[in-house]
S.K.: 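Let me give you the structure first, and then I'll get to my questions.
Atoms within each ligand, like the ligands themselves, are counted from 1 in listed order. Just so you know, residue 1 is the first one in the sequence shown, and it goes up from there.
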Amino acid sequence: MSLPAAARLTIDLDALARNYRQLRDLAPGAEAAPVVKADGYGLGAAQIASRLWAEGARSFFVARLAEGEALRTALGAARPARILVLDGLIPGTEARFKAANLVPVLSSMPQIEAATALAGQGTLECALQVDTGMYRQGLPMEQTKALVQAGDRLSHLKIDLIMSHLGSATLPDDPRNRAQLEAFREVRQMFPEAKASLAASAGIFLGPDYRFDLVRPGISLYGGGPEERPDPRLQAVATFTAPLLAIRHVPAGSTIGYGPSMVVDRPSRVGLVGAGYADGLIRAAKGKSQAWVDGGLCRVLIVTMDLIVIDLEDAEVQVGDWVEFMGRNVALDDLASAAGTVAHECLVRLNRAERIYRGEA
Ligand SMILES: *Cc1c(COP(=O)(O)O)cnc(C)c1O
């Protein structure tokens, strides 16, 4: 019997499109600008953006300049999207921004100076990110106020979009959400001409106050729930499967894999599966995450670099069957919590498996 070669990451572009429409419906009146950083959360920025362009998306966010350049090439001249780069304008990269027609998201005074220099005597389209209380990226509130008061420092910048990012949007009751919202309203008044954007995926679900003119969904496009658990309004986009390579019987009291940690307390029937942490599955999920095979869930016993052992119990399986580790039957958010991380990290790591696209391109 010939075995299927290797682990597969199947990406359902129709499910992606349904999630996009769902998010748009949740934020009526706002533009929904997909976040496709880190190669579309590991699912292929070119394919993701192409399908979402067909669904009507016209602005996209990436993190790095090189991601923006690659996306510009992938979309080509026929699809002149607005591509915003969250890293902003790093001094020395001005020519590349110009060549690929990318919009920098400015987050610091040196970036604002670099953008002003690049604008020269003309004007440069850019976005401005203000820190309203996450203390990560963004121009601090005080500096933003000073900048606006000094008016002339912005005269060559066409700030079309002001944005900020929420630190606790996955926790709807956290008072930091309201505090950031209030601060962002203040910022908005300082830039009456610009469109405003506060919500990433989870923020969209916080309610109408948070949606403003543009929303920036990332993980929810790819099926991750707003509160780090599965949400019935969103569909699985990524399915990770790998072939069952062998079935073994293990006596009670045996130790499986490296080191002493995985001891079976009863005679066990286990399955060896052709995927591992080198495919991006997180080793720390062993013992806690589940795999789907033959219509039922099995416990994942150990995760090594290229092989995983699962507890088959009495599942009626054969060598060559496919085992699902993430997808319609094993929710992305459940895998993430078993691994002690967030859905975002589970997706971006899946970079060895063969990618297969389903649905309309
Ligand atoms: C990554 C990112 C997003 C998207 O976040 P999700 O939680 O994946 O929706 C939006 N805005 C900014 C500034 C980001 O860095």
S.K.: Please name all residues satisfying salt bridge (charged side-chain N to carboxylate O under 4.0 Å, His left out) with Arg185, sequence neighbours left out, ordered by chain then number.
M.R.: Glu182, Asp209
S.K.: Between Arg349 and Glu345 (salt bridge meaning N to carboxylate O under 4.0 Å), is one present in this structure?
M.R.: yes
S.K.: Under 6.0 Å between ring centres: does that hold for Phe184 and Phe212?
M.R.: yes
S.K.: Using the rule side chain to side chain donor-acceptor pair (under 3.5 Å), only one of Arg178, Arg176, Gln180 pairs with Ser168; which is it?
M.R.: Arg176
S.K.: Go through the structure and list residues passing salt bridge (charged side-chain N to carboxylate O under 4.0 Å, His left out) with Lys145, not counting sequence neighbours.
M.R.: Glu142, Glu186
S.K.: Who are the salt bridge (charged side-chain N to carboxylate O under 4.0 Å, His left out) partners of Arg96, not counting sequence neighbours?
M.R.: Glu69
S.K.: Note down each nitrogen or oxygen pair, ligand 1 side and protein side, whose separation is under 3.5 Å; give only atom names and the distance to 0.1 Å.
M.R.:
residue: ligand 1; atom: 7 (O); partner: His344; partner atom: NE2; Å: 2.9
residue: ligand 1; atom: 8 (O); partner: Tyr41; partner atom: OH; Å: 2.5
residue: ligand 1; atom: 8 (O); partner: Ile219; partner atom: N; Å: 2.8
residue: ligand 1; atom: 8 (O); partner: His344; partner atom: NE2; Å: 3.1
residue: ligand 1; atom: 9 (O); partner: Ser201; partner atom: N; Å: 2.9
residue: ligand 1; atom: 9 (O); partner: Ser201; partner atom: OG; Å: 2.5
residue: ligand 1; atom: 9 (O); partner: Gly218; partner atom: N; Å: 2.9
residue: ligand 1; atom: 9 (O); partner: Ile219; partner atom: N; Å: 3.4
residue: ligand 1; atom: 11 (N); partner: Arg216; partner atom: NE; Å: 2.9
residue: ligand 1; atom: 11 (N); partner: Arg216; partner atom: NH2; Å: 3.4
residue: ligand 1; atom: 15 (O); partner: Lys37; partner atom: NZ; Å: 2.8
residue: ligand 1; atom: 15 (O); partner: Arg136; partner atom: NH2; Å: 3.3

